[in-house]
Structures are given as C-alpha cells and as structure tokens.
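Chain naming here is simple, since letters A, B, ... match the order of the sequence lines and numbering starts at 1 in each.
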Amino acid sequence: MAEESKEEQKPSVSFIEQFIIDDISDGKNNGRIHTRFPPEPNGYLHIGHAKAICLDFGMAQKYGGKCNLRFDDTNPVKEEVEYIDSIKEDIHWLGFDWEEREYYASDYFGKLFEFAVDLIKRSLAYVDDQPADVISAQKGTPSQPGQSSPFRNRPPAESLDLFYRMNEGEFAEGSRVLRARIDMSSPNMHMRDPIIYRIIKAPHHRTGENWKVYPMYDFAHGQSDYFEGITHSLCTLEFEVHRPLYDWLIDQLKTSDYRPRQIEFNRLNLTYTIMSKRKLLELVREGRVSGWDDPRMPTLCGLRRRGYTPESIRNFVDMIGYTKVEAINDVSLLEYAVREDLNKKAPRVFGVLDPLKVIITNYPAGKVEEMEILNNPEDESMGTRKVPFCNEIYIEKDDFMENPPHKYFRLAPGTEVRLKGAYIIKCESFRKNEMTGMIEEVFCTYDPATRSGGEASDRKVKGTLHWVSARHAVDAEVRLYDRLFDHEDPAGQKDEDYRKFLNPGSLKVLSGCMLEPSLRNAEPLDKFQFQRLGYFCVDYDSTPEQLVFNRTVSLKDTWAKIRK
RNA sequence: UGCUCCGUGGUGUAAUUGGCAACACGUCUGACUCUGGAUCAGAAAAGUUCAGGUUCGAGCCCUGACGGAGCAACCA
C-alpha cells in the first residue's frame, strides 16, 4: 500500500521554477513567460553559459513561453562581431532556437537615450563633470556612506544641454558622465548615484559612429528586458546586489502592471578547469592551447571538438541543478554524462593505440577472413560490420607481458586469450630486441574451433583483447587529452597564478596507431567507442590520408587500479 | 568592521504547507560477460556549521555566534 506515494513522487523543481509556477498561478504579467539569453559578444560560450541557456530556453519551453537571444553590446571597445556567429552556432548546436527574436541592446540606444533625458527632466539624473577617481572616492566604501557630487543639484536644463553635447562628441572621453540621482548614503554601493552613461568614441559594431555616449550595463539590461516584454530575467548570483537598482529603474520606466523580474542563480564551476572568459582568452593568446576550440577548453566549441554531444551537456546541466549555493561541480559527473550518452550511440570499433605485432603461426599466410562483429551490443539495431582477420595482427603493447603479475588476464607466454569476434589464441613464444630489450613480435597459435559463433566458441578464457589486422589496418594519429589543470580549483588559489597549475600532460599525441579499416572514411566529429579504451571522435584536422582522432573520455579502467 | 546572499555524506542536489534525511556522481565489494572498462546487485559514507529558543515534533520557523561568497569598474 506504500506504492501510491512512490509513484506520486513529483520531480522536484528548482527555486527558480517554483517562482515561475507561483507567478503564473498569481496571474502576474497575465501568466506570460518570456525569458532571454543575453551574452556579451566578447568571447566564446563555455559550459557555464550552457547552464544559463538550458534554464532560459528550458523554462520558456516548459511553460509555453518564449526566449529571446539578446546580445548585450553596450561596450564597443570590448566587443567584436567575430563572436556573434560563434555564439549563435553554439546555441543551435546545444539544441535551442530563438526563432526570429535575435535582438541587440544596441537596438534600444534611441529609447534608452530618451529614457535618460526623461530622468534628467524629472531631476532623477544629472551630468557630473568630475573625473573617475574623484567620483569613485566620493562613493565612499561599503562601510562608509558616500558624499554628494557638487553637480548633484545641477538644474535639469543644464544637465540636459550637457548630455546632448556629450553625445555630439563635444567632450573628451572620461570628462563627463550621466548619473542616476538615487541615494549617496545607501548601504548598497550600486544605489550611490550610479553612472548610467559614459562617453566612448570608439565605433560600435552595429551603430557605427551614431553615438558618442553609451549606456552602462545597469541602465541597459533591465530596460531591454522591459522593451522586449521579458517576464523573468535570470542571471548569476553576482548580480544580486544590482537588483534594487534594476527595480528602481523599472519603477521609473513602467507605465502599466507589467514588470520584469530578476532572479539570480549559482554560476557553474567545474573542477580542474577555469570558467573566466578573460583567463580563457589568455590561454588562447599565450598559445597555451591551440585556440578557443582546443578540446581541453571548457568552451562549447572545445567540448564539441572533444566529442561531447549536446545531449550529454544538457543532461549534465540537468543533474547539477540551480541553487544559490556557490558550488564547484565535479568534472567526473560531466564525464559520466558523455559516457552514458555515447554508450548508447557510439559504434564500437577496434583501434590499437600502441601496437605490438602478433603472428599466428598456424594460420594460413595468404588467408583473410571477414569477421562479422556487432556494432553496438547495447543496441542491436545498429547492425554489424565486417572486420578482416589474417595471420598478422596488432594488439596493444600492454596486453602482453613477458612476466605477468598475479591476476593479469591478458596475453603472456603459455596463456590463452580471446581475440574479440575472432579466435582464441595461445602465446607460444616471442622475439625480443637484444639491444633494447623491447618485445617486438609475439608468436601464437590459434584454435580454429573457437571462432566466434563456432562450436567451441563458448570456451572460457580470462581475457578478451581487441585487435586489428596488420595488413589491413589504417594508420592514425590519436590525441589523448587529460584535464587542463592538475589542481581542482586552479583559479581559486590566493596569491597563486592559475597558470602554475597547468597540467603538463594534458595532451599526448600518439602516432602510428592502428585502426580497423572501416574507419578510413570517418568524417570530422564522427564518434566511436574504441573497445576497451574509451570514446573517440574524428578531429577537424583529419584527412583520409592522415586520420586524426581525439579521445573524448576513457572508459573506467579497473585494471589500472589493480596495478597500483 | 556596512549591505546582500549562502552553509545537508567526499562532490553536487532532494526532503510534500515543520513529521525521525533521499537521489546521482565518486569510492568499495560481489555477480555476470567474447569490452578487466558494458551491464547488474550490494555496501560504506551526513544526523543537516555551532549554541540557544518556539513546538508533541525542526534540515525546514526565531535569535545569536562561526565560516564562506559577492558588492567600493566611466566592464558585463
């Protein structure tokens, strides 16, 4: 009888979703839900943005609303068109769409200017002629109240005249600003007559030379929300202290019951990486990574190149949730999310990264058999493929040991292993290079009765190895990636530069890897599981002549643990 | 020595309008397997930062400590 409560168990919703549900039931904004994703076009999107995107678009989808894409382009000196296309591409790749609602804060420069003029006329804003350092000093400190500017009570007509002339280009950058007239002794620094307009003479990527004054974030964001009819303006925790200003400005602007509401949630932090756009840019500029889409980067283009799927990122974001706690999430959860997704989707193939030649002495030298092998045991509808087998194959170097330790299940002198999808082989002898001591070739015999599916194929052996026909294998370069940093929280160490924690072994390039021939025509971003090794995807650098694979993530290796 | 926010197993999140703490990752163990890595089963692990208070009963409410984060850019 305890059954009923179990199935009634509702999936819990985040505090933000609860706010939305409450707002709908309270009839706020006529029950409309309208969100926006507002990136500043000054860098590439990273997985932290994915968390915001999934929320903004996800809430709109779930509650029958809309989500706008809005570029927050209020600072022409920091922003570049280059980033706009990449941002749009990444959002689409993640699986979301803003339809025709692609907006720019710069679309509202005219309306924003009018609103500023209105505030001046109502004595709620004034032009301040003081330099930045003086204004800053007068603001006081978080624990001491600020002091009024001598221009605070300037007559509106005078401010108005000056404001127009600022926009004509008459004054130098930094010589004058427009300030909202709120409360210089507010305990909230953002309410101490915040600067809302400054003079910038650099050309804007969309409005060109039209404007000489540009609104600050606080004066543009909430107002843009208002102009677009946004109901829920979701942003990260550091904007919490801006909310009173957001609300104050909306109060001055609104003419009906409609008003947007700002709600803050915790930003995503991941172990062993950094999320700051500025630092990511440094890594790119200093050549510490190959670019924004280096597969070690937490950027969406980097993750894409690494082999991550949009589904895995969405599932990851779903698992970590939205709260107000400043958390640092474990990358292993992200890795789990890709493995889980790729396990269902990725065809299994054989790839030998560190080849060792095995010669099967009793197998006819000229003979080639086509072994039919399941593409994905998790999903038989993915069918089978033919893999050629002959008397010379490659196996992984660490799948053979001359003097095996206890519990070693792989190939060693006198032992048997199964070659997956083919035969059981027994190691008879091996040849060592006298000079280097390296094992160069292993000689085995096979048991013809043990062919997979054959009469003796159910014979038990301890180990099963992946292999590749030496005569049919295709050569490839394989790039093995590890965490970019070897410290859990590289950016969070006081007095320690994050670069100090760069992991020197974060990229290992392997050449001369041997892959099964079906991989010859693989296209960039095609994803596979190299059996017993991990998930790999084809890199953009790959060509039919020189295949290049990236390791997305390894499989969990318990033998590696036994060894330790 | 101001304001705002936060404090639940190793990590991240849950806990119906207060009813003796759940899920996932990770860790460990076992089973099974033609992936030692798939898969399956199980275990250990917090008594909810601390101290008071209200209550029959508090992780949830109140007070106070302690700890952490953010805020003093003409950045967003």
To the nearest angstrom, how far is [X] atom [atom1] from [N] atom [atom2]?
X: A:Lys420; N: B:G37; atom1: NZ; atom2: P; result: 13 Å
X: A:Leu342; N: B:A38; atom1: CG; atom2: P; result: 14 Å
X: A:Arg532; N: B:G37; atom1: CZ; atom2: P; result: 11 Å
X: A:Arg348; N: B:C34; atom1: CZ; atom2: C1'; result: 14 Å
X: A:Phe265; N: B:C6; atom1: CZ; atom2: C1'; result: 16 Å
X: A:Asn315; N: B:U13; atom1: CG; atom2: C1'; result: 16 Å
X: A:Asn269; N: B:U13; atom1: CG; atom2: P; result: 10 Å
X: A:Asp183; N: B:G2; atom1: CG; atom2: P; result: 18 Å

Within the 4.0 Å heavy-atom criterion, would you say [X] contacts the bases, only the backbone, or no part of the nucleic acid?
X: A:Arg410; result: base
X: A:Phe350; result: nothing
X: A:Gln529; result: base
X: A:Asp458; result: nothing
X: A:Gly453; result: base
X: A:Lys460; result: sugar-phosphate
X: A:Ser186; result: nothing
X: A:Ile328; result: sugar-phosphate
X: A:Arg192; result: nothing

Kindly write out the residues that satisfy ring pair (Phe, Tyr, Trp, His ring centres under 6.0 Å) with A:Phe113, not counting sequence neighbours, or none if the list is empty.
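Only A:Phe163, A:Tyr164, A:Trp211 meet the ring pair (Phe, Tyr, Trp, His ring centres under 6.0 Å) criterion with A:Phe113.
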Write out all pairs satisfying salt bridge (charged side-chain N to carboxylate O under 4.0 Å, His left out) with one or both partners inside residues 130-139 of chain A, taking only residues at least two apart or from two chains.
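Applying salt bridge (charged side-chain N to carboxylate O under 4.0 Å, His left out) to every pair that reaches into residues 130-139 of chain A, excluding sequence neighbours, yields nothing.
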Partner of A:Leu178 under side-chain contact (heavy atoms from CB on, under 4.5 Å), chosen from A:Ile120, A:Ile195, A:Asn167:
A:Ile120
For [X], what residues pass the salt bridge (Lys or Arg N to Asp or Glu O under 4.0 Å) criterion, not counting sequence neighbours?
X: A:Glu240; answer: A:Lys324
X: A:Asp225; answer: A:Arg70
X: A:Arg181; answer: none

Contact state string [nucleotides 24-32 of chain B, B base, S sugar-phosphate only, - no protein heavy atom under 4.0 Å]:
-SSSS----
Contact string for nucleotides 59-65 of chain B, one letter per nucleotide 5' to 3', B = base within protein heavy-atom range under 4.0 Å, S = sugar-phosphate only, - = neither, reads -------
Out of B:C34, B:A38, B:G12, which has the shortest distance to the side chain of A:Asn343?
B:A38
Among B:U35, B:U4, B:A14, which nucleotide sits nearest the side chain of A:Ser12?
B:A14
Taking Watson-Crick (N1-N3 plus N6-O4 or O6-N4) and G-U wobble (N1-O2, O6-N3), each under 3.5 Å, can you produce the dot-bracket string of RNA chain B? Use [ ] for crossing pairs and | for inter-strand ones.
.((((((..((((.....[..)))).(((((.......))))).....(((((..]....))))))))))).....
Any carboxylate oxygen within less than 4.0 angstrom of a Lys/Arg side-chain nitrogen, looking at A:Lys426 and A:Asp447?
no
Between A:Leu465 and A:Thr323, who's closer to the 5' end of RNA chain B by nearest nucleotide?
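Closer to the 5' end of RNA chain B: A:Thr323.
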N/O contacts under 3.5 Å, protein versus nucleotides 69-76 of chain B?
residue: B:A69; atom: O2'; partner: A:Glu326; partner atom: OE1; Å: 3.2
residue: B:A69; atom: O2'; partner: A:Glu326; partner atom: OE2; Å: 2.3
residue: B:C71; atom: O2'; partner: A:His190; partner atom: NE2; Å: 3.1
residue: B:A73; atom: OP2; partner: A:Ser136; partner atom: OG; Å: 3.1
residue: B:C74; atom: N3; partner: A:Gly174; partner atom: O; Å: 3.3
residue: B:C74; atom: N4; partner: A:Gln130; partner atom: O; Å: 3.2
residue: B:C74; atom: N4; partner: A:Ala132; partner atom: N; Å: 3.3
residue: B:C74; atom: N4; partner: A:Gly174; partner atom: O; Å: 2.6
residue: B:C75; atom: OP2; partner: A:Arg198; partner atom: NE; Å: 3.1
residue: B:C75; atom: OP2; partner: A:Arg198; partner atom: NH2; Å: 2.8
residue: B:C75; atom: O3'; partner: A:Arg198; partner atom: NH2; Å: 3.2
residue: B:C75; atom: O2'; partner: A:Asn75; partner atom: ND2; Å: 3.3
residue: B:C75; atom: O2'; partner: A:Lys78; partner atom: NZ; Å: 2.8
residue: B:A76; atom: OP1; partner: A:Thr74; partner atom: OG1; Å: 2.7
residue: B:A76; atom: OP1; partner: A:Arg198; partner atom: NH1; Å: 3.4
residue: B:A76; atom: OP1; partner: A:Arg198; partner atom: NH2; Å: 3.0
residue: B:A76; atom: OP2; partner: A:Tyr217; partner atom: N; Å: 2.9
residue: B:A76; atom: O3'; partner: A:Asp72; partner atom: OD2; Å: 3.3
residue: B:A76; atom: N6; partner: A:His242; partner atom: NE2; Å: 3.2

Answer yes if the ring centres of A:Phe350 and A:Phe530 are under 6.0 angstrom apart, and no otherwise.
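Ring centres of A:Phe530 and A:Phe350 not closer than 6.0 Å.
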Between A:Cys54 and A:Tyr322, is there a side-chain heavy-atom distance shorter than 4.5 Å?
yes
Quick one: list whatever passes side chain to side chain contact (heavy atoms under 4.5 Å, CB included) with A:Pro150, sequence neighbours left out.
A:Gln130, A:Gln138
Under the side chain to side chain contact (heavy atoms under 4.5 Å, CB included) rule, collect the residues that match up with A:Asn375, sequence neighbours excluded.
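Per chain and number, A:Asn375 pairs via side chain to side chain contact (heavy atoms under 4.5 Å, CB included) with A:Met382, A:Arg385.
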Between the protein and nucleotides 41-44 of chain B, list every N/O to N/O distance that falls short of 3.5 Å.
none

Pick one for B:G47: is it syn, with its angle within 90° of 0, or anti?
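What B:G47 shows is a syn base, its glycosidic angle lying within 90° of 0.
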